[in-house]
Amino acid sequence: MYQALYRKWRPKTFSEVVGQEHITATLQRQVAEGKTAHAYLFTGSRGTGKTTCARILAKAVNCLNPQDGAPCCACEACRSIDSGRALDVTELDAASNNGVDQVRALREEAVYTPSVLRKRVYIIDEVHMLSTAAFNALLKILEEPPEHLLFILATTELHKVPATILSRCQRFSFKRILPRDMEKQLLSIAKAESIDLTADGAEILSRMANGALRDALSLLDQCRVAPGTIDSAAVLEVLGLAGSVQTQKLMGCILRRDSGDALALFDELYRGGKDVAALLSELADLGRELTIAKAAPEGGSALLSGMYDRKTLTAMGKDVPLSRLIYLTTAAQQCCAGLSDSIRPRTDGELCLLRMCDESLSGDFAALESRLTRLEDAVKKGVAFAPAVQSAPAVPQSAPAVTQAPAEPVPSPAPQQAEEEPPLPEAPPMPEEPGERVYDVPEEPARPGPAPRKAAERPRQDAAPSPGGTQGDTALWGRLLDQYKGRLPVNFRVFLNMASGVVSDGVLTVLCNNDFVKTSLDNATVLDVLKQVTEQATGHPIRVALQVGSAPATPKRPAAKPSAKPAPAVERAAEAAPPAPAQTPPWEAPATENDPLRELMAQGRDMEHIKIKGE
């Protein structure tokens, strides 16, 4: 019956083990001097010789004619262990025998002396799979075993083995086998098996094995059915790989940001039977080679795998920044890792190529970094950028009225203004301030008054608040009220409904209904939020002040005859004097202190978060 190459060519003595001389020499000296331990722990990646060395050690301690600490492989003990007939050498797979009952049975029979051999040997493979109870059951016999007992534990995941087990064993770490050592072993086995394997074919197999000789022999076993000579092209064809040449071409398209050629080459390789995961894995390996060659141009040669020569790597990554090489390698690895759960591997591979060609498609910080890098490269090359054209600030529609206003004042009727601009319930409009507008609200073009003209004729002397109350932008409070509430806790939002605000000369004056509302809003959190939101809206620094009161209503000027123009002194005196009570419409009169309608509206705002559901 045909036997796989990795089983047929399993080493029989310490000298046949490849790439683990630091372990085999130590074990051989211990056997030769008779100073073997009672428990060993072999750790390392797959295919590096852990189980093989455990079997060789079991033969060495039981060999009838040892050769300088190595088994002779000719006595009855060695032949029985090689054939698996020795009752005193037991191999356990901890993955399937991980319960405490199996360990208890092992502990009960381990106390008996061996029937034929000198020592009873237990080889427990994948020991990290044992349960916690099984490890605890193994502790006592592992710490103080009988003289005839030898434990050899093997694992690929050392971090899962409890420290109590580690402290009771001699630990040996198996290294990954170097590609050059595997290449020699593959050529030697191929010659013995009459397999026409070339040196470049053996090199590719050793690189693909990733340090595991068993994997390399399995790949050779798969490629031996290829007709003719097994060279690099035959290996790539049988295993469905793209090869270094095709991978270099694909990476070149990516580095040139030529997404069209990259997708075309990817489609060609896909139709030729190449595996998407293998192709992306080769791209990731090439990205790693380019990254190492870029990051360590002098001393990084020892870290390269040898699949690509140093001259090619230097030429490919000459004008490519290190950050982009790292991004390409990471993107290929992440996509390759997610292909196992993908329903459309080809689509995922194509999307990955597009993101590698253009980092701006990734939608993360790599996109922003790519744009900044392109701008920096353009600046280094001397490309001049035109300055951004700043648009002029918006001019209020009432501004032309300053130069185009008629020479004589034209008063507007009070009832018509009351219909077109009704006062806000929370913040009644303040008296008109010519020349002191800080907000951009267009006025009605049909009623240009003398206010802008007076602002142009006389200097600004009305910046200070008038004795009658605070003047300024009262509508800004209503526009920003929702933003204030959005940044404050619920317990402060209720009190904002009981206040109004006026912005004037860089001061936000908050007019509170009573002292309790003022005390509740006099809080660092509330004041900071009011200051920050108002500064963002106005564009200049704001100081917040709290007062008790309400904004006064807008008084209306008495109608004047358009035939005569009043003198400036008379005009200013008339403006300063309050209007006659009979000329103020009743619906624009300021609210009294005990206005029932205002109190009812305030109570309604306090209950705006309450919902009443019917039975």
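The first residue of the sequence shown is numbered 1, and numbering continues consecutively from there. Just so it is clear, the structure is predicted and the values come from calculations on it, not from any experiment.
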Kindly say whether L142 contributes a backbone atom to a donor-acceptor pair with the side chain of H38 at under 3.5 angstrom?
-> yes

Please name all residues satisfying ring pair (Phe, Tyr, Trp, His ring centres under 6.0 Å) with F174, sequence neighbours left out, ordered by chain then number.
-> F42

In short, side chain to side chain donor-acceptor pair (under 3.5 Å) pairs touching residues 158-167 with sequence neighbours left out are E157-K160

Please name all residues satisfying salt bridge (charged side-chain N to carboxylate O under 4.0 Å, His left out) with K59, sequence neighbours left out, ordered by chain then number.
-> D82

With sequence neighbours left out, which residue pairs that include part of residues 123-138 fulfil the salt bridge (charged side-chain N to carboxylate O under 4.0 Å, His left out) condition?
-> none

Is any side-chain N of the basic residue among R257 and E359 closer than 4.0 Å to the acidic one's carboxylate O?
-> yes

Test item: H22 side-chain N/O and S173 main-chain N/O as donor-acceptor pair under 3.5 Å | yes

Salt bridge (charged side-chain N to carboxylate O under 4.0 Å, His left out) partners for K318, two or more places apart = none

Taking ring pair (Phe, Tyr, Trp, His ring centres under 6.0 Å) as the test, write out the residues that go with F492, two or more places apart.
-> none

At their closest point, which heavy atom of I254 faces which heavy atom of C357, and how far apart are they?
-> CA-SG, 4.0 Å

Just distance, no hydrogens or angles: give the donor-acceptor pairs under 3.5 Å from side chains in residues 11-21, sequence neighbours left out.
from : atom 1 : to   : atom 2 : distance (Å)
T13  : OG1    : S15  : OG     : 3.0
E16  : OE1    : K12  : N      : 2.8
Q20  : OE1    : K175 : N      : 3.2
Q20  : NE2    : T48  : O      : 3.4
Q20  : NE2    : K175 : O      : 2.6

Can you list every salt bridge (charged side-chain N to carboxylate O under 4.0 Å, His left out) pair that touches residues 214-236, not counting sequence neighbours?
-> R46-D215, E193-R224, D221-R224

Pairs where residues 333-356 contributes a residue and the test salt bridge (charged side-chain N to carboxylate O under 4.0 Å, His left out) is met, not counting sequence neighbours | D267-R346, R346-E350

State which residues pass ring pair (Phe, Tyr, Trp, His ring centres under 6.0 Å) with F151; sequence neighbours excluded, sorted by chain then number.
-> Y122

Taking salt bridge (charged side-chain N to carboxylate O under 4.0 Å, His left out) as the test, write out the residues that go with R168, two or more places apart.
-> E143

In L27, L150, V31, the residue satisfying side chain to side chain contact (heavy atoms under 4.5 Å, CB included) with T36 is V31

When every non-hydrogen atom of L280 is compared with those of C352, the smallest separation belongs to CD2-SG, 4.4 Å

Can you find a pair of side-chain heavy atoms, one from V103 and one from F135, that are under 4.5 Å apart?
-> no

Shortest non-hydrogen contact between N210 and R176, atoms and distance = O-NH1, 3.0 Å

Residues forming a salt bridge (charged side-chain N to carboxylate O under 4.0 Å, His left out) with E535, sequence neighbours excluded = K531

